[in-house]
Structures are given as structure tokens and as C-alpha cells.
Number of protein chains: 2
Amino acid sequence: MQYKYNTMGATKTDSFTDKQNELAILAKALGHPARIAIIEYLLKVDSCICGDIVNELPLAQPTVSQHLKELKNAGIIKGNFEGNSICYCINEPGFEQIKGFFQDITKHLDKKKNDCC
Amino acid sequence: MQYKYNTMGATKTDSFTDKQNELAILAKALGHPARIAIIEYLLKVDSCICGDIVNELPLAQPTVSQHLKELKNAGIIKGNFEGNSICYCINEPGFEQIKGFFQDITKHLDKKKNDCC
DNA sequence: TTAATATATCGTAATATTGCAATATAAATA
DNA sequence: TATTTATATTGCAATATTACGATATATTAA
């Protein structure tokens with residue numbers, strides 16, 4: 001069977017710039033409460049976490065593992081084996097880009113009050 | 001037919017805090033290159049846009065309309081009828097929350113170099 | 001009122017994400 | 001080596017998102 005649209009449903013990544021796609025990937029990685037919770041927990045303990053992230057979240061171990069993988073793929077966290085468990089922490093370079101995006105927005109908004117709407 | 005899991009596939013929103021869910025909604029709204037492009041365009045022209053967003057994006061009009069709706073629902077942009085078209089601009093209060101989140105992270109990271117991983 | 005223009009909604013096809021049980025893998029310890 | 005502990009992967013069921021044609025709606029202009 002032949003369909004009319006061969007890319008239906010998939011994001012048209014090729015139609016956007018690399019920067020736009022990269023920002024979207026970073027934002028998307030933060031677009032789930034479990035992943036926000038993971039980041040918040042990493043900030044709360046203010047050090048690397050070696051193994052207790054699963055116990056902190058209200059989700060099954062495979063699900064948590066999946067969320068950690070997504071944050072890692074997006075460059076937001078990093079993790080390495082540390083003895084019997086894995087040591088996770090925030091990956092600072094990964095934040096620079098998305099931080100810069102929000103700083104740009106803030107700068108623009110401060111400079112000009114464009115709230116005619 | 002009865003299934004084993006009745007919430008399979010859906011995000012377990014109830015298991016997270018309101019703040020976590022709200023942040024996730026904001027980040028998720030920015031998690032698509034078309035929506036990043038819309039924000040960037042609004043910043044670039046540095047004023048309200050009345051009607052030419054569809055022409056700026058490489059997507060069909062209903063798709064753009066859908067993306068605008070998502071940004072609007074998340075509180076990131078606002079838009080009202082202005083003559084024959086709709087005037088869109090960034091909704092500043094919507095940014096305060098997500099901006100604060102990134103500022104918190106930055107503060108933590110500046111305070112303590114937790115890159116043992 | 002009618003035609004033109006701009007935007008939204010509906011319907012639908014396709015891909016993506018979410019979640020977890022079962023299982024595999026990898027490292028530490030007995 | 002065998003067992004335990006921690007994490008990853010696989011497979012699958014279900015929901016969510018993406019995209020666009022067709023169509024509806026709403027405002028302006030003729």
C-alpha cells in the first residue's frame with residue numbers, strides 16, 4: 001500500500017537550522033516531570049549521585065534508566081561507573097547553550113517592552 | 001478485552017509535584033524546532049507579529065497554527081486579533097518560571113563544582 | 001451582502017514517547 | 001567461580017505528538 005505522505009508524524013528536522021534543532025533537543029529532554037525531578041535531585045544533594053536515583057523517583061527501574069539515558073543523550077547530565085553503581089551529575093557544557101538561549105530572550109525582553117498584544 | 005495496565009503510555013503526572021509538571025510543560029513546549037523558530041522570529045523582529053508567521057516557517061498553515069496554540073497554552077506567547085490578522089508576542093510572565101529554573105541551576109553550578117564524574 | 005484573506009478546527013495517517021515486566025549485562029563480593 | 005547488586009536492554013501495550021488536506025470560522029474589503 002502506498003501512502004500520500006512518507007514522513008507523516010515525524011518532525012521535519014531538515015527544515016530547521018542545527019541550532020534550532022539542538023535547542024529543541026535540550027528543551028525536549030527537560031520536557032518531562034521525571035526528568036525535571038532528576039535534575040532537581042542532582043541539584044538538591046549538590047554532589048554526584050551514585051545509585052539512589054531509582055529510589056527517589058515514583059517510577060520503575062527501567063523507566064528511570066530510560067529517562068537518565070535521554071538526559072545523557074541530550075548532554076544535560078553525565079554518568080560514569082563508580083564502584084558498584086553509576087555516578088551521575090549535571091553536565092555543565094550541556095547547559096551553556098540552553099542557558100544562553102534564555103539569556104538572549106531575557107535581554108531582548110528587558111530592552112524592549114513589546115507587549116502590544 | 002482487558003489490559004494489564006490502564007495508564008500505559010501516559011505520563012504519570014500525579015506522581016510529581018505541580019512545579020515539576022509546570023516546568024516540564026514549559027520545556028516541552030520549547031521542545032520542537034518549529035516552536036524554537038517561532039520564538040526566535042518573535043525576538044528577531046523585536047515587536048509583535050501580525051500575521052506573517054506562517055510564511056516564515058517551512059510548515060503548512062494548520063501545522064503552524066497547532067504549534068502556536070501549544071506555545072500559547074504553555075503561556076510562552078500570547079496573541080490577540082488585530083485587524084485582519086492576529087498579533088503575537090512573547091508572554092513575559094510565562095518565561096519567569098522557566099528562567100528562574102535555569103537561574104537556580106546556574107547558581108548551584110557556580111557555587112559548587114560537582115563534576116566528579 | 002459577497003468575496004477575499006487569515007486563522008482555527010477536524011480528521012486521519014504516521015511516528016514518537018511513556019511505562020513496565022522480563023531479561024541481559026556488568027561489577028563487586030563472598 | 002558463584003552470588004549479589006546495580007544498571008541497561010528488549011519487547012510490547014498504550015498514549016502523545018507531528019503533519020497536512022479539507023473544511024470551518026472570523027474579520028476586512030469590495
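Everything numeric here is computed off the predicted structure, so don't read it as measured data. To find a chain, count down the sequence lines: A is the first, B the second, and so on, and within it residues start at 1.
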**OP:** Give a yes or no answer on whether the side chain of A:Asn21 reaches the backbone of A:Thr13 with a donor-acceptor pair at less than 3.5 Å.
**Re:** yes
Original post:
Within this structure, what is the NZ-to-C1' distance between B:Lys12 and D:dA16, rounded to whole angstrom?
Top reply: 17 Å
Subject >> Gap between atom CG of B:Asn55 and atom CD of B:Gln61 - 0.5 Å precision >> reply: 10.5 Å
**OP:** Please state how far atom NE2 in A:His32 lies from atom P in C:dA16, giving the value in whole angstrom units.
**Re:** 18 Å
Subject >> Set of side chain to side chain donor-acceptor pair (under 3.5 Å) partners for B:Gln20, sequence neighbours left out >> reply: A:Glu40, B:Thr17
Just the atom pairs and distances: protein N or O near nucleotides 1-8 of chain C's N or O, under 3.5 Å.
{"from": "C:dT7", "atom 1": "OP1", "to": "B:Ile86", "atom 2": "N", "distance (Å)": "3.2"}
{"from": "C:dT7", "atom 1": "OP2", "to": "B:Gly51", "atom 2": "O", "distance (Å)": "3.0"}
{"from": "C:dA8", "atom 1": "OP1", "to": "B:Tyr88", "atom 2": "OH", "distance (Å)": "3.1"}
{"from": "C:dA8", "atom 1": "OP2", "to": "B:Ser65", "atom 2": "OG", "distance (Å)": "2.9"}
{"from": "C:dA8", "atom 1": "N7", "to": "B:Gln61", "atom 2": "NE2", "distance (Å)": "2.6"}
{"from": "C:dA8", "atom 1": "N6", "to": "B:Gln61", "atom 2": "OE1", "distance (Å)": "2.9"}

**OP:** In sequence, state the C-alpha distance, the side-chain angles, and the governing distance for A:Leu30 and A:Leu26, and then conclude on side chain to side chain contact (heavy atoms under 4.5 Å, CB included).
**Re:** CA-CA 7 Å; A:Leu30 294 172; A:Leu26 285 166; 6.0 Å; no
**OP:** May I have the distance from B:Glu70 (atom CD) to D:dA16 (atom C1'), rounded to whole angstrom?
**Re:** 10 Å
**OP:** Enumerate the residue pairs fulfilling salt bridge (charged side-chain N to carboxylate O under 4.0 Å, His left out) with a member in residues 58-71 of chain A, sequence neighbours excluded, ordered by first and then second residue.
**Re:** A:Arg35-A:Glu70
Subject >> Heavy-atom side-chain proximity of B:Ile77 to B:Leu68 below 4.5 angstrom >> reply: yes
Subject >> Any side-chain heavy-atom pair of B:Thr11 and A:Pro33 under 4.5 Å >> reply: yes
Subject >> Per B:Ala60 side chain, nearest of listed nucleotides C:dT15, C:dC20, D:dG21 >> reply: D:dG21
**OP:** Please name the pair of heavy atoms, one in B:Gly75 and one in B:Asn91, separated by the smallest distance, quoted to 0.1 Å.
**Re:** O-ND2, 2.9 Å
Original post:
Should A:Tyr41 and A:Leu57 be marked as a side chain to side chain contact (heavy atoms under 4.5 Å, CB included) after you check the CA-CA gap, both sets of side-chain angles, and the distance that decides it?
Top reply: CA-CA 10 Å; A:Tyr41 184 57; A:Leu57 292 181; over 6 Å; no
Original post:
Rounded to the nearest 0.5 Å, how far apart are CD1 of B:Ile25 and CG of B:Asp18?
Top reply: 9.5 Å
Extract from the structure each pairing of a protein N or O with an N or O of nucleotides 1-3 of chain D at less than 3.5 Å, listing the distance.
none

**OP:** Take the protein atom CG of A:Leu71 and the nucleotide atom C1' of C:dT18, then report the distance between them rounded to whole Å.
**Re:** 14 Å
Original post:
Any side-chain N or O of A:His67 less than 4.0 Å from the OP1 or OP2 oxygen of C:dT17?
Top reply: no
Original post:
Can you give the dot-bracket line for DNA chain C, where a pair is Watson-Crick or G-U wobble with both atom distances under 3.5 Å, crossing pairs use [ ], and | marks a partner on another strand?
Top reply: ||||||||||||||||||||||||||||||
Subject >> Among A:Leu71, A:Asn80, A:Ile53, side chain to side chain contact (heavy atoms under 4.5 Å, CB included) partner for A:Tyr88 >> reply: A:Ile53
**OP:** Let me see the working for B:Leu23 and B:Phe16 under side chain to side chain contact (heavy atoms under 4.5 Å, CB included), right down to the final yes or no.
**Re:** CA-CA 11 Å; B:Leu23 280 170; B:Phe16 299 96; over 6 Å; no
**OP:** Pull out every residue in residues 21-31 of chain A that has a heavy atom closer than 4.0 Å to any atom of DNA chain C, ordered by number, or say none.
**Re:** A:Lys28
Subject >> Protein-nucleotide distance (A:Lys69, atom NZ; C:dT18, atom P), rounded to Å >> reply: 13 Å
Original post:
How are the rings of B:His67 and B:His32 set relative to one another: parallel (under 30°), tilted (30 to 60°) or perpendicular (over 60°)?
Top reply: tilted
Original post:
In Å, rounded to the nearest 0.5 Å, how long is the span from NZ of B:Lys78 to CD of B:Glu92?
Top reply: 7.5 Å
Subject >> Between D:dA19 (C1') and B:Leu57 (CG): distance, integer Å >> reply: 13 Å
Original post:
Does a side-chain N or O from A:Thr63 land closer than 4.0 Å to OP1 or OP2 of C:dC20, or not?
Top reply: yes
